[in-house]
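It should be emphasised that the depicted structure is a prediction, and the values quoted were computed from it without experimental measurement.
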Amino acid sequence: MRITMTCVGSDMKWFRILLIVVQFCSLSFDLNAAPDTFTLRDCIDMALKNQPAIRSARENVNAGQGRVTQAASPYFPRITASTDRIVSHVLGTAQSQSVSRSNTTSLSVNQVLYDFGRTGNALDASRSSMRSAEFDEQRVIQETILNVKQAYYALLASKKLVLVSQKTTEQAESHLKQAEAFFRSGSKPRFEVTRAEVDVNNANLSMINAKNSVRLRTIGLYNAMGVDPGGDLAIEDVLSATVSIPAIEPAMAEAARNRPELLKANEDIQAARARVRAEEANYLPTLSANGAYNWASGSTTIGSFKIDVQDSWNVGVTLSLPLFEGRLTQGKVSEARANLRALEAQGETFRRSVLIELNQAYADIEGATARIAVMESLLKKASESLELAQGRYAAGVGTYIEITDAQVVSVNAETDHIQALYDYQLAAARLFKAMGAVTP
């Protein structure tokens with residue numbers, strides 16, 4: 001069986017389309033309707049639909065979209081309506097005493113005409129921040145896929161170790177029966193029976209530990225999928241599957257194009273640069289237009305004279321220039337520039353860490369591949385040695401210690417072989433995650 005890992009581009013439009021398709025096509029996690037055997041693809045689909053971390057990252061994107069809307073609001077006019085009822089008395093002599101009663105409803109409009117890039121740069125910063133949140137969502141998705149793979153392969157390895165423990169227990173019980181038969185016939189000492197009993201107890205203890213490991217790994221897989229733990233999971237055995245590994249040069253180029261951390265860092269830098277320009281624009285004036293219309297009713301009475309209140313309107317253009325703000329703008333510009341330098345340094349750190357991650361994944365794949373070949377050869381030889389030791393002991397010419405030694409070597413070889421398979425699959429998964437692959 002061959003699993004081919006495919007990397008796609010970083011175009012956010014196609015990425016979000018892919019995510020929507022995955023969400024609608026994924027299985028709903030209903031154990032009654034779930035398949036008898038879950039594939040790795042099934043588990044990943046469930047995680048993409050149910051993992052709370054993905055929902056949280058998606059809401060951060062929605063929040064970013066809201067901030068973009070806020071940043072664009074100065075491009076639109078501010079329209080305000082108000083109404084009031086005023087009664088006022090001015091005390092004085094009978095001839096000068098006045099009383100005013102009025103009802104006023106006002107509609108005012110204010111529009112910023114030009115602010116020397118303050119609004120435009122703030123909007124650019126918000127858009128870059130939203131794209132940064134989208135790349136962070138992609139990062140969370142890729143980490144979720146990696147976590148599912150790791151939990152999936154760990155559960156497979158644990159199930160295989162249970163089979164090893166079962167076989168070891170059966171062999172230990174068979175050896176105990178042989179030792180007891182030899183002891184009853186007087187051809188072997190009591191020591192070999194005691195040693196066989198100890199081996200049976202150790203095998204039973206290993207079986208308990210292996211089954212507990214399966215239970216814990218099952219819960220780990222449920223957790224990686226973002227669902228509550230249920231019963232035992234039957235999963236497809238792909239631990240021995242071959243993975244198509246790309247060359248390191250194309251992998252590095254793919255990582256530079258698609259790795260969410262790098263793309264997010266670039267958008268954060270762009271947003272920081274726009275914030276610097278927006279803060280610098282606070283040194284410059286703001287030109288705005290305003291107007292209002294007031295509907296009024298009522299009157300003012302002064303002595304014996306009565307004057308009716310009239311409607312009114314006004315329009316104007318305002319140019320405002322901050323002359324002194326206690327160095328407030330200077331401090332904000334200094335802070336924005338420092339944040340920009342910090343993000344630029346952080347982006348370089350991300351780039352170097354991606355290179356290290358890629359090379360580490362290749363080294364792990366190479367090491368695991370070599371160990372698998374060695375373990376397969378050792379496992380074959382260990383099985384042959386165990387069969388010979390068992391045959392010699394059954395014929396009465398071998399010692400029990402030969403069986404014990406051969407069995408230990410055989411169990412260790414099987415365990416190391418399973419561990420090497422697990423390490424290979426996990427290293428391959430980490431490689432494609434390091435490349436920024438969207439699809440598993």
Side-chain angles (χ1 to χ4, degrees), residues 7-16 19 53-54 56-75 115-144 146 249-284 328-360 432-438:
C7 296
V8 302
S10 61
D11 191 311
M12 290 305 304
K13 174 183 177 182
W14 292 108
F15 167 71
R16 296 190 69 81
L19 180 58
I54 296 178
S56 175
R58 190 170 302 122
E59 291 305 321
N60 288 336
V61 175
N62 294 335
Q65 293 172 339
R67 287 189 289 271
V68 169
T69 302
Q70 296 174 46
S73 64
Y75 284 123
D115 59 6
F116 293 87
R118 187 181 295 110
T119 298
N121 287 305
L123 180 58
D124 290 342
S126 297
R127 285 171 174 167
S128 293
S129 296
M130 186 190 70
R131 289 191 293 268
S132 173
E134 290 174 340
F135 287 125
D136 191 60
E137 179 187 8
Q138 185 177 347
R139 175 192 62 80
V140 172
I141 288 174
Q142 292 180 3
E143 288 183 352
T144 298
L146 178 61
E249 290 80 7
M252 288 184 175
E254 194 73 17
R257 290 192 301 268
N258 295 334
R259 187 65 186 264
E261 290 88 341
L262 298 180
L263 300 175
K264 179 181 185 301
N266 182 64
E267 292 298 337
D268 288 339
I269 291 171
Q270 297 302 321
R273 289 173 178 167
R275 291 189 186 100
V276 170
R277 295 191 297 269
E279 295 297 345
E280 290 173 341
N282 287 322
Y283 286 121
L284 303 174
L328 175 63
T329 298
Q330 180 181 350
K332 289 184 176 180
V333 170
S334 177
E335 178 187 2
R337 288 173 177 171
N339 290 337
L340 172 59
R341 292 191 296 270
L343 289 170
E344 288 173 340
Q346 191 177 54
E348 180 64 19
T349 300
F350 283 147
R351 187 186 68 82
R352 295 179 184 276
S353 66
V354 167
L355 293 178
I356 293 174
E357 191 175 339
L358 275 171
N359 283 277
Q360 182 64 57
F432 286 100
K433 188 262 183 183
M435 293 168 56
V438 174

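- Closest of all the heavy-atom pairs between Val140 and Ala57 is CG2-CB, 4.0 Å.
- Partners of Thr144 under the side chain to side chain donor-acceptor pair (under 3.5 Å) rule, at least two apart in sequence or in another chain, do not exist in this structure.
- With 3.5 Å as the limit, one finds a donor-acceptor pair spanning the side chains of Arg275 and Ser129.
- Proximity of a side-chain donor or acceptor of Gln142 to a complementary backbone N or O of Gly436 within less than 3.5 Å is detected.
- Look at Arg131 and Glu134 and you find no salt bridge, because none of the NZ, NE, NH1 or NH2 atoms lies under 4.0 Å from a carboxylate O.
- For the salt bridge (charged side-chain N to carboxylate O under 4.0 Å, His left out) test, residues two or more places apart in sequence or in another chain that qualify with Asp136 are Arg139.
- With Asn266 contributing its side chain and Leu262 its backbone, the two residues share no donor-acceptor pair below 3.5 Å.
- Contacts of Tyr75 classified as ring pair (Phe, Tyr, Trp, His ring centres under 6.0 Å), with partners at least two apart in sequence or in another chain: none.
- Atom OG1 in Thr349 sits 11.0 Å away from atom CG in Leu343 (nearest 0.5 Å).
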Could you give me the CA-CA distance, side-chain angles and deciding distance for Arg259 and Lys433, then say whether side chain to side chain contact (heavy atoms under 4.5 Å, CB included) is met?
CA-CA 8 Å; Arg259 187 65 186 264; Lys433 188 262 183 183; 3.4 Å; yes
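- Rounding to the nearest 0.5 Å gives a distance of 7.0 Å between CD of Glu357 and OG of Ser353.
- Here Ala336 pairs with Val276, Glu279 under the side chain to side chain contact (heavy atoms under 4.5 Å, CB included) rule; sequence neighbours left out.
- Residues satisfying the side chain to side chain donor-acceptor pair (under 3.5 Å) test with Glu344, not counting sequence neighbours, are Arg273.
- Of all heavy-atom pairs between Leu358 and Ala255, the closest is CD1-CB, 3.8 Å.
- The two residues Ala122 and Ala278 come nearest to each other via the heavy atoms N-CB, 4.0 Å.
- Note that the CE atom of Met435 and the CZ atom of Arg257 stand 8.5 Å from one another [nearest 0.5 Å].
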For salt bridge (Lys or Arg N to Asp or Glu O under 4.0 Å), just list the numbers for Glu348 and Arg351, CA-CA rounded to whole Å, side-chain angles, deciding distance to a tenth of an Å, and then say yes or no.
CA-CA 5 Å; Glu348 180 64 19; Arg351 187 186 68 82; 2.7 Å; yes
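- Rounding to the nearest 0.5 Å places CD of Gln65 at 12.5 Å from CZ of Arg127.
- Here the closest heavy-atom approach between residue Ala71 and residue Thr119 is recorded as O-CG2, 3.7 Å.
- The closest side-chain heavy-atom distance from Glu249 to Met252 is not below 4.5 Å.
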Hey, mind stepping through Glu143 and Leu146 against side chain to side chain contact (heavy atoms under 4.5 Å, CB included) and telling me if it holds?
CA-CA 5 Å; Glu143 288 183 352; Leu146 178 61; 5.6 Å; no
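- Within the 3.5 Å criterion, the main-chain N or O of Asp124 finds a donor-acceptor partner in the side chain of Ser128.
- Legend: residues meeting side chain to side chain contact (heavy atoms under 4.5 Å, CB included) with Thr329, ordered by chain and number and at least two apart, are Asn282, Tyr283, Glu325, Val333.
- Distance CZ/Phe350 to NZ/Lys264: 7.0 Å, rounded to 0.5 Å.
- Using a cut-off of 4.0 Å between Lys/Arg side-chain N and Asp/Glu carboxylate O, Arg277 and Glu280 are scored as not salt-bridged.
- Going from atom CD of Gln138 over to atom CD of Glu261 covers 9.0 Å, rounded to the nearest 0.5 Å.
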